[in-house]
Amino acid sequence: MIDLITMKSYNFEGAKGETVVEVPIPAHMQEEAEAMRQEMLESLSMYSDQMMELLLSGEEVPEDLIHEVIRKGVQEQGLTPVYVGSAYKNKGVQLLLDAVLRYLPSPLEREIKAKDYEDQEKAVDLILRSGQAIRRHGVQDRGRSVWSADLHAALPRHDQEG
């Protein structure tokens with residue numbers, strides 16, 4: 001698998017593909033990978049004037065800017081990153097999950113609303129309170145901690161305060 005953002009190639013080893021090994025891009029694929037990367041950057045530049053200027057001036061586009069533009073495009077529902085992989089022996093699944101964490105919004109970054117119990121047309125802001133509305137789960141991913149959140153919207157009952 002070749003990552004066009006980092007221009008690195010990955011192999012998945014082990015009985016279940018659990019070991020991700022970074023290897024150089026095979027020489028016979030290098031030219032095609034560079035052409036595809038350029039095409040990808042040109043498409044992404046439609047979402048960023050800064051990226052467009054870098055490409056027009058022939059400068060290298062920093063990885064951080066590429067990720068920033070992809071995240072913006074995904075959240076505006078203007079583009080969809082494509083990853084290859086297989087659930088069989090988990091090949092590519094790790095990189096796909098990394099992309100989900102990197103590009104999709106966290107529930108904590110969104111406004112959370114519910115319908116008012118008395119007036120279904122009225123929206124009610126839900127305020128997240130520690131231990132009441134959010135439960136966090138820690139996951140180890142290749143030696144680093146990754147946090148995800150399960151939202152449990154706890155609407156206050158009318159006979160309770162808070």
Side-chain angles (χ1 to χ4, degrees), residues 1-14 16-114 123 125-128 130 133-153:
M1 175 186 296
I2 297 173
D3 182 338
L4 296 177
I5 297 170
T6 63
M7 289 304 286
K8 295 177 183 172
S9 182
Y10 297 94
N11 289 337
F12 302 91
E13 299 174 355
K16 296 183 180 178
E18 68 276 3
T19 305
V20 181
V21 180
E22 186 180 305
V23 295
I25 296 173
H28 70 281
M29 299 178 83
Q30 185 72 38
E31 191 174 309
E32 184 179 6
E34 288 172 5
M36 294 182 86
R37 183 177 200 271
Q38 187 63 31
E39 189 176 323
M40 175 194 70
L41 292 175
E42 289 171 6
S43 295
L44 289 174
S45 70
M46 298 301 152
Y47 295 90
S48 168
D49 291 338
Q50 180 183 3
M51 185 180 286
M52 178 74 77
E53 289 173 14
L54 290 170
L55 288 173
L56 289 173
S57 67
E59 295 179 50
E60 185 64 32
V61 178
E63 256 184 60
D64 290 344
L65 179 59
I66 296 170
H67 290 301
E68 180 184 316
V69 171
I70 292 172
R71 181 174 169 84
K72 177 183 173 192
V74 166
Q75 291 189 17
E76 291 176 356
Q77 298 179 2
L79 63 90
T80 304
V82 176
Y83 285 80
V84 297
S86 170
Y88 179 69
K89 294 191 178 182
N90 298 316
K91 295 184 183 228
V93 173
Q94 301 90 333
L95 301 178
L96 173 64
L97 292 174
D98 288 346
V100 166
L101 291 173
R102 175 174 270 146
Y103 302 131
L104 297 179
S106 162
L108 301 175
E109 297 171 351
R110 308 295 246 181
E111 280 187 28
I112 302 171
K113 296 190 181 278
D125 288 336
L126 294 179
I127 299 170
L128 301 177
S130 178
I134 289 185
R135 210 174 48 203
R136 291 184 178 270
H137 302 281
V139 177
Q140 280 295 111
D141 176 40
R142 289 188 272 156
R144 65 172 199 243
S145 292
V146 176
W147 290 93
S148 64
D150 286 337
L151 293 180
H152 298 279

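These numbers come from the heavy atoms of this one structure, side chains and all, not from hydrogens, waters or symmetry mates. None of the values given here were measured: they were computed from a predicted structure.
- Atom CG of residue Asn90 and atom CG of residue Leu96 lie 11.0 Å apart, to the nearest 0.5 angstrom.
- Contact annotation: the side chain of Pro26 approaches that of Ser9 to within less than 4.5 Å [non-hydrogen atoms, C-beta and beyond].
- In terms of heavy atoms, Leu79 sits closest to Leu44 at CD2-CD2, 3.8 Å.
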Problem - Residues Met52, Glu42; criterion side-chain contact (heavy atoms from CB on, under 4.5 Å); working and verdict - result: CA-CA 8 Å; Met52 178 74 77; Glu42 289 171 6; over 6 Å; no
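- In this structure, Met7 places its CE atom where more than 12 heavy-atom neighbours from other residues, nucleotides or ligands lie under 6.0 Å away.
- Side chains of Gln38 and Glu34: a donor-acceptor N/O pair is absent below 3.5 angstrom, by distance only.
- Considering every non-hydrogen atom in both Phe12 and Gly17, the closest pair reads CB-O, 4.0 Å.
- Around the CD atom of Glu76, the shell of radius 6.0 Å holds more than 12 heavy atoms that belong to other residues, nucleotides or ligands.
- Contact detail for Lys72 and Tyr47: the closest heavy-atom pair is NZ-O, 3.2 Å.
- Note on Arg37 versus Glu60: salt bridge recorded, some NZ/NE/NH1/NH2 to OD/OE distance being below 4.0 Å.
- Between Met1 and Val84 there is a side-chain heavy-atom pair separated by less than 4.5 Å.
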Exercise for the section: Step by step, work out the side-chain contact (heavy atoms from CB on, under 4.5 Å) result for Leu101 and Leu97. Expected result: CA-CA 6 Å; Leu101 291 173; Leu97 292 174; 5.8 Å; no
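- The shortest distance between side-chain heavy atoms of Ile66 and Leu41 falls below 4.5 Å.
- Other residues, nucleotides and ligands contribute at most 12 non-hydrogen atoms within 6.0 Å of the CE atom of Met29.
- Taking both residues in full, the closest heavy atoms of Val23 and Tyr10 are given as CG2-N, 4.4 Å, listed atom of the first, atom of the second, then distance.
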Practice task
Test Ile2 against Lys8 for side-chain contact (heavy atoms from CB on, under 4.5 Å), laying out the working first.
Solution key: CA-CA 6 Å; Ile2 297 173; Lys8 295 177 183 172; over 6 Å; no
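- The local environment of CD in Glu32 is sparse, with at most 12 non-hydrogen atoms from other residues, nucleotides or ligands closer than 6.0 Å.
- Checked by atom type and distance alone, the side chain of Asn11 never pairs as donor or acceptor with a backbone atom of Val21 at under 3.5 Å.
- Other residues, nucleotides and ligands contribute only 12 or fewer heavy atoms inside 6.0 Å of the CD atom of Gln77.
- Of all non-hydrogen atoms in Leu54 and Pro62, the two that sit nearest each other are CD1-CD, 3.8 Å.
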Handout entry: side-chain contact (heavy atoms from CB on, under 4.5 Å) between Gln75 and Tyr103, worked out
Key = CA-CA 8 Å; Gln75 291 189 17; Tyr103 302 131; over 6 Å; no
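- Considering all non-hydrogen atoms of both residues, Arg71 and Leu104 come closest at NH1-O, 3.3 Å.
- Under 3.5 Å, the side chains of Gln50 and Ser48 contain no donor-acceptor pair of N or O atoms.
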